[in-house]
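This report refers to the structure that appears directly beneath it.
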2 protein chains.
Amino acid sequence: MSDIARAAGVSVKTVSRVHNGEENVSPETRDRVMQAIAELGYVRNDLARAFRMGDSSVLGIVVPDIEDPFFASIVHQVDQSAAEHGMLTFVAGTGDDPEQERRRVEALMGRQLSGLLLASVSHDHGYLQRWANSTPIVFIDRRPEGIEGDSLASDDAAGAITVTQHLLDHGHHKIAFLGDSLEVSTTSARLASYREVLGAAGIEANPEYAVMSGFTPEGVTRAIDSLRALPDQPTALISSNGRANQIIAAQVSDLQLALVAFSDFPLADALSPTITALDQQPRLLAQQAVARLLERQRHTGGTALPFEAQTVPSVLVERQSCQRPIVDQPLTRH
Amino acid sequence: MSDIARAAGVSVKTVSRVHNGEENVSPETRDRVMQAIAELGYVRNDLARAFRMGDSSVLGIVVPDIEDPFFASIVHQVDQSAAEHGMLTFVAGTGDDPEQERRRVEALMGRQLSGLLLASVSHDHGYLQRWANSTPIVFIDRRPEGIEGDSLASDDAAGAITVTQHLLDHGHHKIAFLGDSLEVSTTSARLASYREVLGAAGIEANPEYAVMSGFTPEGVTRAIDSLRALPDQPTALISSNGRANQIIAAQVSDLQLALVAFSDFPLADALSPTITALDQQPRLLAQQAVARLLERQRHTGGTALPFEAQTVPSVLVERQSCQRPIVDQPLTRH
DNA sequence: TTGAAAGCGGTACCAC
DNA sequence: GTGGTACCGCTTTCAA
């Protein structure tokens, strides 16, 4: 920078002013500086800048699995929103491990993030308290536990109602529910709404129809097998395990079982039958989460913005899989 | 940090030494400092540290589309490798736009990256020259143009040979080739090998069998339609357009057309028929790219490491789609 | 084994 | 409209 200053015959401060497009610089001076910058191929050290300003203009997004289509979509949108605000994006995958999640979050926090988006698998976020007053945090897809904070998640209750009602409307009475784990608040919320809807329809929910798979592919297979082994077989299945939808869809297509999946996924409309799914709108979710983050950042230190648990509506994408086995003849492909 | 120093009754330098696990600190002093750190909940400002050290310990990965399974897989692995080396990861998506690619790369470079991985869509990387001596760059999936540099890509020639030969072995003579654009070196390399293999088998390649889709879904549909309209229809198709495999697979399943796809994808084994694909091993590719980056970083300034164009072998995953229409009866699902 | 002071490359405050 | 200078929080150099 001092090279530029010398070349243009001005002070470093003026170079700084020009680079940041500040007022109070005469056009001639500006031109001279711009030219020197261009000639010398100067690139500002944004690390130094961020350091001095105490803010890095970087967003952090932490997810369990970057490859999962739902989270990939979120990462994509976060990056895009960040770019629109002239910011960059740190990603970190945690592999569903709370320990690793904590380590990586702490590593991120050391870098003076402008804000952190966290799709957590942990059940205790107390360790984040330390940064609560310095770095805005927005929880994604899950609510904070052991700490107060903003969050953005799908409207699970409404989604479960939609899905269950949809199957009822298609004449199903024996509806099974496949979730990951009841410890996940999302899952238990959905299960509760599912039971409510059945109850309201005068159907007593067969407790054996609600199975939890855990978080492994083997667990999913085991759960489906356990349904298959039931004397009184269900005719429809709600998959509440978005991470395993592809596996479930593949396994269920053999069965005479209607299927509706939480979380839409890339080939849902290419499978046979095509899979009816509840689109959770991950892009919208991410967009709103970033918006919230920036809003809170603006209010830093000033008026204390109350914490909010915001919700994103899900959209049912009707395809074929909810109709079986009502329709007897083989379904035609779309 | 000076707070810690005061609390422990030492100098900031000693705090620094302790934090970095340097030698030459007496155990008692170390304990005292550690305790002060724990009590005051001190977190080091890694931004300041990176600034001072002139290296941020951050890797950058730039891809056309974060949601694409191939690139999502690469981002995932880069992040994982980075974490293993105590580094963080910047991601940036470019949306296939060379302009945006350049803007985002420049934004990244301003942050004193330890290294940049670039899956470029641009045909001129001359603008990177500026950083050639300061920041290691490894090109991914494409070779550098207008500049020298390291690169890691799939072995396209070998892959195309494998794929084409595989279809020949299954009795196909009329094999079509669907690529994105001949301007993509990857595509033209594959096409050349495809022609070579056919030639070696004594088959003259019908020029109408080679179609380019461009980069849009509409282009893909158009390309497939143009094949469909041919008087002398092909019996098999090679999809060299990894980004569109899912669309192509969905569209082709209606046709009586064998299919082998470059780039394996998540539901390839759930479609009907299951899709034979060439796994490009994106994780391996990313891993080796990071390794190369770190290797070059270590040699910074010292011995000039010669640039290398490394290659990752692809693995054919045999499924059902290459057999049609040889098999007449409907295929049973796996 | 420990500490004092310089400096990384920018920005902010204030004087001119 | 412009420049001088302190300073962000850490590491480095060198002296004690």
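Each chain gets a letter, A, B and so on, in the order the sequences are listed, and its residues count up from 1.
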Could you work out which one of [options] sits closest to the side chain of [X]?
X	options	result
Tyr42(B)	dT11(D), dT11(C), dC10(D)	dC10(D)
Ser11(A)	dG3(C), dC10(D), dG3(D)	dG3(D)
Asn45(A)	dC10(D), dG10(C), dT11(D)	dG10(C)

Rounded to the nearest 0.5 Å, how far apart are CZ of Arg111(A) and CG of Leu47(A)?
-> 8.0 Å
Carboxylate-amine/guanidinium contact Glu106(B) Arg102(B), below 4.0 Å = yes
Short N-O contact, Arg296(B) and Asp150(B), less than 4.0 angstrom |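 Yes.
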In whole angstrom, what separates [X]'s [atom1] from [N]'s [atom2]?
X	N	atom1	atom2	value
Asp46(A)	dC8(D)	CG	P	21 Å
Arg32(B)	dG3(C)	CZ	C1'	14 Å
Arg52(A)	dT5(D)	CZ	C1'	11 Å
Lys13(B)	dA6(C)	NZ	P	16 Å
Arg111(A)	dC10(D)	CZ	C1'	13 Å
Glu22(B)	dT2(C)	CD	P	12 Å
Asn24(A)	dT2(D)	CG	C1'	10 Å
Gln112(B)	dC8(C)	CD	C1'	10 Å

Could you check whether Ser2(B) gets within reach of a base, just the sugar-phosphate, or nothing at all, counting any heavy atom under 4.0 Å?
-> nothing
Have a look at Arg17(B) and say if it touches a base, only the backbone sugar-phosphate, or nothing, with a 4.0 Å heavy-atom cut-off.
-> base
Between Glu23(A) and Val12(A), just flag the one whose closest nucleotide in DNA chain D comes earlier from the 5' side.
-> Glu23(A)
Where each residue is assigned the nucleotide of DNA chain D containing its nearest heavy atom, which of Arg49(B) and Glu28(A) is assigned the position nearer the 5′ end?
->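 Checking each residue's closest nucleotide, the 5'-ward one belongs to Glu28(A).
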Look at the side-chain N and O atoms of [X] and state whether any lies under 4.0 Å from the OP1 or OP2 oxygen of [N].
X	N	value
Thr14(B)	dT2(C)	no
Ser26(A)	dG1(D)	no
Thr29(A)	dG1(D)	no

Any residue meeting salt bridge (Lys or Arg N to Asp or Glu O under 4.0 Å) with Asp141(B), in chain and number order, not counting sequence neighbours =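 Testing Asp141(B) for salt bridge (Lys or Arg N to Asp or Glu O under 4.0 Å), a comparison that skips the adjacent residues, returns none.
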Per-pair stack call Phe51(B) and dC8(C), 5.5 Å, 30° = yes
Looking at Glu145(B), His125(B), Arg142(B), which hits side chain to side chain donor-acceptor pair (under 3.5 Å) with Ser120(B)?
-> His125(B)
